Protein chains: 2
Amino acid sequence: MLKYTEEYQEKTISTVPVFQGKVISLQVDTVQLPGEGTATREIIRHPGAAAVLALIDGRMLVVEQYRKAMEKFQVEIPAGKLDAGEDPMEAAARELEEETGYRAGKLRPLSAFYTSPGFADEKLYLYVAEDLVKGDSRPDEDEFLAVESLSFEEAQQYIREERISDAKTILAVYAWQIYRLTGEIGL
Amino acid sequence: MLKYTEEYQEKTISTVPVFQGKVISLQVDTVQLPGEGTATREIIRHPGAAAVLALIDGRMLVVEQYRKAMEKFQVEIPAGKLDAGEDPMEAAARELEEETGYRAGKLRPLSAFYTSPGFADEKLYLYVAEDLVKGDSRPDEDEFLAVESLSFEEAQQYIREERISDAKTILAVYAWQIYRLTGEIGL
């Protein structure tokens, strides 16, 4: 058992809204530390996101796109942010179809996690999709994607080459490896 | 082979600096999309971070702390942001010792990943530490931590209960599971 209790919560003394954007907002909170003293916390608010490990004939679907924050192309599993009030599983199905054209006959929760707990509240809901049926892809108008499928060995090679280098995709490849080793996946 | 090439890079038309904080900064870029049109990209700059899967007698070291962005206590592997110019492996060793008091006899790269590629450039370097030796912990002055060790089964239980719910720690537990199944870990 860990020992932390309410007295270690950081109570908000003040909140300064700094920025409200299309995707994220930023605020700076001043907090009361346990015991004496205060500190500031820079906090990003994000609507949350959904992502899909989509498996078809022993391969995973990935999309390649330019990521401005890193100024490089990245190969990632299909993903996108939640629309207002949207159920994460519906978002996962929607993003899979929009980005790859595939619909999932079977969609199950795999994991859910905060991506950057030190400064952001973004939570990402990860699903595993199987029994895929091909339809038509239709990315967002400011989204330019190339869809591909990777064998497990290719996915591992992409990680070594850092063509895959984001947390959700690496975590999905680990989950896939465990699925291959144990027959079990997800929550 | 994926098909994306330089023509799909998003060229910067303008950059508006919005905020410069202690930990993060925020800028809004306007970019030229492939073909016609422009879009804005909200981008968080972060110095990067290091984290450690520290294994001792078949257990992993974790720290519990209050995470203001989510307004809840979280159990995570030891981690912290990089100091200016700091080598990630040295940061990992430093954070492990500061937060838990343990020094690693053996420290190896396990993974490295971008935490939120859609809006942040934060890269987290993950290491696995073994052959641990106990010293004294000394957290940062605005950091309040409780240190604990978890068996593999306890770690899985914490994930189910969402006491562990951040990407790096779940990814580390997956890597540990693969290590237990295959004897192999890391890059």
Side-chain angles (χ1 to χ4, degrees), chain A residues 2-4 8-10 18-19 21-24 26 28-29 31 33-34 37 39-44 46 49 64-70 73-76 81 111-122 124 142 144 146 148 160 165-168 170-171 174-175 177-178 181-182 187, chain B residues 2-4 8-10 18-19 21-24 26 28-29 31 33-34 37 39-44 46 49 64-70 73-76 81 111-122 124 142 144 146 148 160 165-168 170-171 174-175 177-178 181-182 187:
Chain A
L2 293 170
K3 71 182 179 202
Y4 270 11
Y8 290 95
Q9 285 180 15
E10 296 178 348
V18 174
F19 174 77
K22 278 185 315 170
V23 179
I24 58 176
L26 168 63
V28 179
D29 285 9
V31 300
L33 294 177
T40 58
R41 302 294 181 217
E42 300 157 9
I43 297 170
I44 299 294
H46 184 285
E64 183 166 27
Q65 63 188 306
Y66 193 71
R67 287 302 203 175
K68 188 65 184 169
M70 287 92 77
F73 291 96
Q74 286 282 286
V75 175
E76 302 174 25
K81 65 178 192 293
S111 186
F113 45 83
Y114 294 98
T115 57
S116 295
F119 67 90
D121 72 351
E122 184 193 25
L124 189 142
D142 69 345
F144 293 82
E148 188 59 64
R160 280 192 293 272
S165 63
D166 70 298
K168 69 179 173 306
I170 293 176
L171 196 149
Y174 282 178
Q177 184 171 5
I178 293 166
L181 289 164
T182 69
L187 299 172
Chain B
L2 292 169
K3 69 180 183 205
Y4 271 11
Y8 289 95
Q9 284 181 16
E10 296 178 347
V18 174
F19 174 78
K22 278 186 316 171
V23 178
I24 58 176
L26 168 62
V28 178
D29 284 10
V31 301
L33 294 177
T40 58
R41 303 294 181 215
E42 299 158 8
I43 298 170
I44 299 295
H46 184 284
E64 183 167 27
Q65 64 189 307
Y66 193 71
R67 287 303 204 175
K68 187 66 185 168
M70 287 92 77
F73 291 96
Q74 287 282 285
V75 174
E76 302 173 25
K81 64 179 193 294
S111 186
F113 44 82
Y114 294 99
T115 57
S116 296
F119 67 88
D121 71 351
E122 184 192 24
L124 189 142
D142 69 346
F144 294 81
E148 188 58 65
R160 281 192 293 272
S165 63
D166 70 298
K168 68 179 174 306
I170 293 177
L171 196 150
Y174 282 179
Q177 184 171 5
I178 293 166
L181 289 165
T182 69
L187 299 172

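Quantities reported herein were computed from a predicted structural model and do not represent experimental measurements. Side chains are part of it too, since the values below use all heavy atoms of this structure and drop only hydrogens, waters and symmetry mates. Residue numbers begin at 1 in each chain, while the letters A, B, ... track the order of the sequences.
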Open item on the list: Only pairs of heavy atoms separated by less than 4.5 Å count here; which of Glu10(B), Lys81(B), Lys168(B), Glu42(B) has the most with chain A?
Closed with: Glu42(B)
Task: Nearest non-hydrogen partners of Ala69(B) and Asp121(A), listed with the distance - done: O-CB, 3.4 Å
- [ ] Keeping the roles fixed (side chain from Lys22(B), backbone from Thr40(A)), state whether a donor-acceptor pair exists under 3.5 Å.
- [x] yes
TODO: For residues Ala120(A) and Met70(B), report the shortest heavy-atom separation together with the two atoms involved.
DONE: O-SD, 3.7 Å
Open item on the list: Quick check on the interface: out of Ala39(B), Gly118(B), Ala49(B), Gly37(B), who has the most heavy-atom pairs with chain A under 4.5 Å?
Closed with: Gly118(B)
Task: chain A contact via Leu26(B) - which portion, at a heavy-atom distance below 4.5 Å - done: side chain
Open item on the list: Measuring from atom CZ of Phe113(A) to atom OG1 of Thr115(B), what distance do you get when rounded to the nearest 0.5 angstrom?
Closed with: 10.5 Å
- [ ] Answer yes or no: is there a side-chain heavy-atom contact under 4.5 Å between Arg67(B) and Tyr114(A)?
- [x] no
Open item on the list: If you count heavy-atom pairs within less than 4.5 Å of chain A, which of Gln9(B), Gln74(B), Arg41(B), Gln177(B) leads?
Closed with: Gln9(B)
- [ ] Flag the one option from Ile43(A), Leu171(A), Asp29(A) with the top tally of heavy-atom pairs under 4.5 Å to chain B.
- [x] Leu171(A)
Open item on the list: As an exercise: rank Ile24(A), Leu33(A), Ile44(A) by heavy-atom pairs under 4.5 Å with chain B and give me the winner.
Closed with: Ile24(A)
Task: Under 4.5 Å from a heavy atom of chain B, the part of Val23(A) involved - done: both
TODO: With a 4.5 Å cut-off on heavy-atom pairs, point out which of Ile170(A), Val28(A), Leu124(A) contacts chain B the most.
DONE: Ile170(A)
Task: Side-chain heavy atoms of Tyr66(A) within contact of Pro34(B), under 4.5 Å - done: no
Task: chain A contact via Phe119(B) - which portion, at a heavy-atom distance below 4.5 Å - done: both
